[in-house]
Amino acid sequence: MDERGTRGGRGGRGALGLACLLVAASALVPPRHGPAPAPGAGPARAPAAEAAAAEGAAEDCTDPEASLPPSAADGPTIAAIRARGKLVVGVDQNSYRWGYRNPATGTLEGFDIDLARAVAADILGSPDAVILRAVPTNQRIAALEGRKVDLVVRTMTINCARIRQVAFSTAYFETGQQVLAAKDSPITGYDTSLAGKRVCSAEGSTAYEALERRSYGAIHRDEHDGTPRDADRYTVPNQLDCLVRLQAGEVDAVVTDSALAAGQAAQDPAVELKGTPFTTEYYGVAARLGHDDLVRRVNHVLVAYRAGPWARAYEKWLKADLPGISGPPAPLYRTEASS
Amino acid sequence: MSDAGNARPAPAGAPAPAGVPVPPPDGHGVPRGAPRRGGPARLRAAAATPPGRLRILGAVLALLVVAFGAVTAVEVTGRSDAAGDVVGRSQPLSADAAHIYRSLADADTAAAGGFLAGAREPAGVRERYEEDVATAARLLVKAAANTDGSSAAAAEITTLNEELPRYTGLVEQARAADRQGLPLGGAYLRYANQRMTTRLLPAAERLYEAETARLAEDEGDARAWPVLSLAAGLLVLAALVRAQWRDHRHTNRILNPGLLAATAATAAVLLWLAGAHTLARAGLGDARAHGQDSLKVLNEARIGSLKARANENLTVVARGAVLTDDGRSDKYATEYGAAMAGLDRALAEARRLADDAAGGDPVADAAHWTAEWRERHAEARRTDEAGDYDGALKRVIGGEASTGAAFDRVDAALRKALDHEQEEFTGAAGRARDALAGLPAGAAALAVLGAVGAVAGVNRRLAEYR
């Protein structure tokens, strides 16, 4: 979830995403190093660097998704976790199917939660040797820096600005901005069918920025945005608020991460995802900068996770509302040994 | 007036300048108008003889006394009505508007509390929510019935009537989604809260302000000195004294019982008027200082506590999903802090205003439990941040040791203080109204007595000419 996410480097990624899709559609890009990178990751990365630099991100940021090579070796961070006997993971409580508290049982469940348990099982031998700590969107990085959590598994997008603050694992999910509307709506996606329609997005989100750049004639701004008189009708605090507005008939469509849009569609059988994602983003597991042994260990877990558990978790939590994903994004590794 | 019939019929609108009961006998400039010729001519004829002059004097004095009584009765009736309105209409309406606000805020608090408990929602919380909504709806009907359709208050009542069902609809949708296990329920509840805080509560606040302005107006009307009556009274008194002084000079007699009675009656009305009005003003001042002002800050305190509680609940409902505009902190946690600060301020002010133990003790009690609440809240936040959601939830909506229990104590103490101050207000304002109660009738009766006295006094002199 990236309503308040740092935007550096993501601005150019919208266009990049389209480029990626085109490239990926025409031919599979051969891997540069290690296993196959994320679809279309190779040559199309160059514009990303320019865009990122233009927006103030690290100049040398070409492959934010590239992470440390996997390793099961123990290090000081893992030793500390072992000594504690519990892995502390920062998660979401509000994203349906990703990380949310089931009101009926009171427990946290979802795709991200399964992954957090898999990491705990690998390090500590039990999927229950984990403390799931709810972390608000804006506190994800602070929680890592303040050592309140060992890891953050919380629909967190990997980008150039963030890799200077936290260490990401390899990408475990590919997503992109997408349009959500009623099944019988004439809206077909992020295109001219949005003309004259009222479109909801979360304040300060990638979706909002995309609409700012190109709205196709959609109404997406509140009159008094950013002031106390903000009516919170078209731009709302949280992406889920958009579904409330959609159900109330106050908006015609929602733009958000496809992964989160799927969570919305799962809560309302009358709506569906329209068209295809028009950006490409990757979710990663975040650790504190310098906790290299933990990052390598998570990457090690992900190697095995991609081979089977990933598909089962996808099947269980996401497939119904986010169909058509054949598998996890391929990991991309850094060649140099240090961060 | 008919009691003054012993005197010669006084010409209508007799030109009797105050203190100069006898018009100049030779008014120069004979009136041209034929209908008026008879009057002045007769008057001149009458004024030419001492008995005639006396008759005119008697009529004028009687008229003056009666006019004074009438002016007093009319003016005091207006004051008394206004004082009655303060006690019986505008203050209750202002209190009702405050009650509407409180009921709405309380409903929002109960909705969030019940939502937190989910399927285990206690029946009491549900009942409290329903009662609040019913109370607000009932008081809105009452307020509408007492409000002129074109006023500002009427517009607010319309807004509230439109928004209330929408709000309750959103709360029900939140409940339904929550029962299905969907996080969407939380989003609906936050939307309901948003509508409550951005539409319903501001409208209720404006209604309260409009009703309170009306109260201040009625109070001002009741407090205004009856200048006309007081001036008339002094004037009549002066005329009577002067008539007696002339009588004394002409006849060398010291006392004329009739005129003396008229003077006494006039003085009595004047004293009564001044005394009763001073009492009424004091009562209204008391009502304002010890009742209305305290009620106002206590209402603020209660609203502060309700807002703080609603935001505390929503902090747990939203779970960090909504941030402040700068994106730095949790919106509901921030608003909880602001509401608690408002509660502290209002309690300190209420403590300062409380003038007796019956008013001060509940306020002190509320302050004590507010401190306790704040401590428990901090502990609940720590528990939540440590990853123990269930433990935090217990600390917020659990039993006796929860923040909810502390809030309930604050609420109960404030309610007690409000009841006490309301009694103080009604008592003091009631005294004000009662101080003026007998005055209009009394003034009328005494004025008639005074007029009879004046006429009797003059007749006694007239008899000496026969």
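Keep in mind that what you see is a predicted model, and the values were worked out from it rather than measured. Chain letters run A, B, ... following the sequence lines, proteins first and then strands; every chain starts at 1.
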Side chain from CB out, backbone as N, CA, C, O: work out which of these in A:L132 comes under 4.5 Å of a heavy atom of chain B, or both, or neither. backbone
Is the NZ atom of B:K296 crowded by more than 12 outside heavy atoms at less than 6.0 Å? no
Would you mind checking which part of A:Y100 comes under 4.5 Å of any heavy atom in chain B, side chain (CB onward), backbone (N, CA, C, O), both or neither? side chain
Is it the case that over 12 heavy atoms from other parts of the model lie below 6.0 angstrom from the CD atom of B:E131? no
Taken to the nearest 0.5 Å, the spacing of A:R101 CZ from B:D390 CG works out to 6.0 Å
Partner chain A: residue of B:L170, B:L393, B:D178 with the largest heavy-atom pair count (under 4.5 Å): B:D178
Kindly state each residue pair satisfying salt bridge (Lys or Arg N to Asp or Glu O under 4.0 Å) with at least one member in residues 104-119 of chain B, sequence neighbours excluded. B:D106-B:R128
Which pairs would a plain distance check flag for residues 336-348 of chain B, meaning a side-chain donor or acceptor within less than 3.5 Å of a matching protein atom at least two apart in sequence or in another chain?
| residue | atom | partner | partner atom | Å |
| --- | --- | --- | --- | --- |
| B:D344 | OD2 | B:R374 | NH1 | 3.2 |
| B:D344 | OD2 | B:R374 | NH2 | 2.7 |

Please determine whether side chain to side chain contact (heavy atoms under 4.5 Å, CB included) holds for the pair B:R190 and A:N238, giving the CA-CA distance in whole Å, both sets of side-chain angles, and the decisive distance to 0.1 Å. CA-CA 10 Å; B:R190 284 188 282 110; A:N238 184 286; 4.2 Å; yes
Which heavy-atom pair separates A:V244 from B:A187 by the least distance, and what is that distance? CG2-CB, 3.6 Å
Pair A:Q247-B:Y191, side-chain donor/acceptor within less than 3.5 Å: no
Would you find a donor on one side and an acceptor on the other, under 3.5 Å apart, between the side chain of A:Q267 and the backbone of B:L184? yes
Max heavy-atom pair count under 4.5 Å with chain B, selected residue of A:L243, A:L108, A:V149: A:L243
Would you find more than 12 non-hydrogen atoms of other residues, nucleotides or ligands less than 6.0 Å from B:K394 atom NZ? no
